[in-house]
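Step one of this worksheet: look at the structure below.
In what follows, residues are counted from 1 in the order of the sequence shown. Keep in mind that the numbers below use all heavy atoms, side chains included, and drop hydrogens, waters and symmetry copies.
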Amino acid sequence: MPTILLAQEDPEAAANLAALLREFFPTAVLEPISDFAALATALTSNRRVALLLTDIFWADQNRAEEILLLAEADPEISVGLISRFDLSGILPAAFPIPCLPAEEQLPLAMAELMENFSGRSFGPYHIISPAGPHPLGRLYWARHHQLERNVQVLVPPAGSPHFTKAIRNYARLNHASIYSLYESIPSDERIFVALEPVANSSLLHFHLAGERPDLVSCARLTSTLGSVLWEMESSSIPARLLSAYDYTLSTRGTPRLRNPAAYPGAPEATLHENSSRLAAILEPLLPESPQTDPLLKLLRNPGTSAFDLMRRTRDFERQLAGVQAVHVRQEEIEATQKAIRARVRRKWTILIGSIAAFAFFALFARVLYWAFVTDLPGKLGNESIPVPKGKYLSGQESIHVRDFELDRHEVTIGQYEKFLNAMQSEKNWKTYLPFGTASSKTKPEDFQPDDWQEMITRARKVDKYNGQIRISRDTPVFGVDYPSACAYAKWLGRRLPSKGEWIRAASGKENLPYPWGTSATAPNINLGIHRPPGTNPDTYVHVVPAESVPEDTGPYQHRDLGGNLSEWIASPNPLEPLFIGGNYLDEASVSNSDAVRSASKPGGSTRIGFRTAK
């Protein structure tokens, strides 16, 4: 049965906490502690205690720092803070001992604290025993199997949302005066981290023990802060606000810092905030000396950058040291300045290289995206234009045509694609075919033009079809056979136009000889007269997007009646269908009076498209 120490000065708070714990841990031994002296005695009594739950306020004094050192002195006992007060604005930033909620989540938090990894191995490390608290989890003493080196391993709480980002920030900072992060150790759903042990006493130890470090050591500590923060400024690593626990001094006065990188949950701190905080920490520790005030003044006014603080504190050290040390410190400053210039040059080199690499990968990504992902939609819809009733001339005869509607442009690849997709789930797809042609198709895929897959692949990317001209979903579909064109029209509740309707739309009330007007020169109309010399008409394909030739506009604003593609029209014999109008292979303008031609079979052709009427 685990023993849990309940260290609460307030009797009511202690009773409420005990009742909550008995509800979740009925077999646990709960030992109440009501004064701070008894708490310290209990932790040093060598009894087997699984967990200490303590408040930080005792006799109206904040004893958080003393509790931290007690937890560090006896790391076998897990410690959690639980208080009747809100501690969020009272504890220092990144305080190593966690605050636990006095609510339903308390049992889970306690279980995580009491979890013990001693005796287990992870990667090359064998866990020996607990080593104390840490802001990101719990520390353990461990030994590396191959290197035979003792380290501390940081174990995060299960499912910690901030641990990975925090460790990344830690790993970015590489400075000789920072306790090192050796490596990460993936294990199941957690990542353990091997750290350099903190072997020196912190300023918190000096303060609570009533000891005073010498002035030179404090000056070196200030210089180290400036050096570390300058490295962080140069590398754009945010810093947190450091406490007395984060500054350590060896017995020889060598300063080192716990990693000051900020992480999610820890607020960032400026140079002035950290230097002013160090001044407040050092002021009660510094020996009485005429040089004490200048050091504190320097910390309270650190300058505009961390480099200013480092340079000025090293000048201060030079004044404290002998003549021999003067040259050493001046050389250090000059070496640091050279290193800074080298670092700036390196950063510019890295920046330029990064920009070049980014440009290369951006181009590569664009090529990949274009080749495998690009799928550009069409912009044109099913717009229909009404044509009033009237007459058109056929030779010397005037033929009357009732009013009707005709598509503004030829059916596009994108529109036909929707029809093909719809046919895949249409059970009675054969009912859309004209009479006498049902036997020509055995499956819905037979509605596709012969080269449909190549056509739609190029259209999605606005790529060149047959290596000649770019097509898109707004390019008129070509190669559709006559039965499929009739099926598309019927699917929309429409039909193919008759010969008379098409000629009426192309000639208008003035009976124009050509859809674009009276001139046979056909300026800019997409006809074969513009075909490059030497090209093979059997392989030449030059279908431009619908409505891309403004000159090819009919009297009622229909587009592309004169060129681009000829068009299927309603035919008495669907096995020998008729088509009408000029196309990109015609080597002369096609007049309205001579526009109708007959196909020897109902199959598709790359020079024939269609539009629908109603």
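One finds the CD1 atom of Ile185 at 10.5 Å from the CD1 atom of Ile191 (value rounded to the nearest 0.5 Å). Taken to the nearest 0.5 Å, the CD atom of Glu551 stands 4.0 Å off from the CG atom of Asn524. Atom CG in Asn583 sits 9.0 Å away from atom CG in Asn564 (nearest 0.5 Å). A distance of 11.5 Å separates CH2 in Trp516 from OG1 in Thr553, rounded to the nearest 0.5 Å. Atom NE2 of residue His542 and atom CD1 of residue Ile471 lie 12.5 Å apart, to the nearest 0.5 angstrom. Separating the CD1 atom in Ile503 from the CG atom in Asn592 is a distance of 7.0 Å, to the nearest 0.5 Å.
A distance-only check finds a donor-acceptor pair linking the side chain of Gln415 to the backbone of Gly381 [under 3.5 Å]. Checked by atom type and distance alone, the side chain of Trp568 pairs as donor or acceptor with a backbone atom of Val480 at under 3.5 Å. At least one donor-acceptor pair under 3.5 Å links the side chain of Thr270 to the backbone N or O of Glu273. In this structure a side-chain-to-backbone donor-acceptor pair under 3.5 Å is present from Asn274 to Leu242. The backbone N or O of Ala520 sits less than 3.5 Å from a side-chain atom of Ser589, completing a donor-acceptor pair. Listed for the His134 side chain is no donor-acceptor partner under 3.5 Å among the backbone atoms of Pro156. Gln468 places a side-chain N or O within donor-acceptor distance of the main-chain N or O of Thr539, the cut-off being under 3.5 Å. Judged by distance alone, the side chain of Asn169 and the main-chain N or O of Ala262 form a donor-acceptor pair under 3.5 Å. When atom types are taken as modelled, the side chain of Asp552 and the backbone of Gly562 share a donor-acceptor pair closer than 3.5 angstrom. Of the possible donor and acceptor atoms, one in the side chain of Arg470 sits under 3.5 Å from a partner among the backbone N and O of Val462.
Within 6.0 Å of CG on Asn573 lie more than 12 heavy atoms contributed by other residues, nucleotides or ligands. By the 6.0 Å contact criterion, CZ on Arg402 is open, its count of non-hydrogen atoms from other residues, nucleotides or ligands being 12 or less. Atom NZ of Lys430 sits in a crowded spot, with more than 12 heavy atoms from other residues, nucleotides or ligands closer than 6.0 Å. Residue Lys441 places its NZ atom among more than 12 non-hydrogen atoms of other residues, nucleotides or ligands, all under 6.0 Å distant.
In summary, of the residues considered (Arg494, Arg559, Lys614, Arg495), a salt bridge (Lys or Arg N to Asp or Glu O under 4.0 Å) with Asp407 occurs for Arg494 alone.
The pair Glu547-Arg408 meets the salt-bridge criterion, since a charged nitrogen lies less than 4.0 angstrom from a carboxylate oxygen. Arg611 and Asp560 are not joined by a salt bridge, as no carboxylate oxygen comes within less than 4.0 angstrom of a charged side-chain nitrogen. Remark: Arg473 engages Asp375 in a salt bridge, criterion side-chain N to carboxylate O under 4.0 Å. The pair Lys389-Asp403 does not meet the salt-bridge criterion, since no charged nitrogen lies less than 4.0 angstrom from a carboxylate oxygen.
Contact check for Ser571 versus Phe579: no side-chain heavy atoms found under the 4.5 Å cut-off. Looking at Arg172 and Met232, their side chains never come closer than 4.5 Å, going by heavy atoms from C-beta outward. Using a 4.5 Å heavy-atom cutoff, the side chains of Arg607 and Phe478 are not in contact. Counting only heavy atoms from C-beta outward, the side chains of Tyr179 and Leu257 never approach each other to under 4.5 Å. Side-chain contact check for Val596 versus Ile580: some heavy-atom pair is nearer than 4.5 Å. Side chains of Asp246 and Arg240 form a contact here, defined as non-hydrogen atoms less than 4.5 Å apart. Between Glu183 and Val193 there is no side-chain heavy-atom pair separated by less than 4.5 Å. When side chains are defined from C-beta on, Asn174 does not count as touching Ser235, because their heavy atoms never get closer than 4.5 Å.
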>> Does Ile413 form a side-chain contact (heavy atoms from CB on, under 4.5 Å) with Trp452? I'd like the steps, not just the answer.
In response: CA-CA 9 Å; Ile413 293 174; Trp452 172 251; 3.9 Å; yes

>> Applying side-chain contact (heavy atoms from CB on, under 4.5 Å) to Tyr540 and Leu585, what does each step give before you reach the verdict?
In response: CA-CA 8 Å; Tyr540 178 69; Leu585 285 175; 3.8 Å; yes

> Passes side-chain contact (heavy atoms from CB on, under 4.5 Å), Ile178 versus Glu231? Steps please.
Replying inline: CA-CA 11 Å; Ile178 298 296; Glu231 175 70 24; over 6 Å; no

>> Could you walk me through whether Gln448 and Ile456 satisfy the side-chain contact (heavy atoms from CB on, under 4.5 Å) test, starting with their C-alpha distance in whole Å, then the side-chain angles of each, then the deciding distance to 0.1 Å, before giving a yes or no?
In response: CA-CA 11 Å; Gln448 297 177 1; Ile456 190 61; over 6 Å; no

> Under the ring-ring contact (aromatic ring centres under 6.0 Å, His included) criterion, do Phe447 and Tyr432 qualify, and how do the steps go?
Replying inline: CA-CA 11 Å; Phe447 286 120; Tyr432 293 99; 7.9 Å; no

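Nearest approach of Pro386 to Ser384, heavy atoms of both residues: CD-O, 4.1 Å. Ala613 and Glu501 make their closest contact through CB-OE1, 4.3 Å (heavy atoms, listed as atom of the first residue, atom of the second, distance). Of all heavy-atom pairs between Ala505 and Leu561, the closest is O-CD1, 4.1 Å. A pairwise comparison of heavy atoms in Pro574 and Thr437 identifies CB-CG2, 3.9 Å as the closest pair. The two residues Val549 and Val544 have their closest heavy-atom pair at CG2-CG2, 4.2 Å. Of all heavy-atom pairs between Ser566 and Asp586, the closest is OG-OD2, 4.4 Å.
In this structure, a donor-acceptor pair under 3.5 Å is present between the side chains of Tyr465 and Asp451. For Asp474 and Thr412, the side-chain atoms include no donor-acceptor pair closer than 3.5 Å. Between Ser484 and Asp481, the side chains place a donor N or O and an acceptor N or O closer than 3.5 Å (distance only, hydrogens not considered).
Every residue meeting the ring pair (Phe, Tyr, Trp, His ring centres under 6.0 Å) condition with Tyr488, not counting sequence neighbours, appears here in chain and number order: Tyr416, Phe419, Trp491, Phe610.
Ring geometry for Tyr125 against His144 counts as perpendicular: the plane angle is over 60°, on a 0 to 90° scale with 30° as the lower cut.
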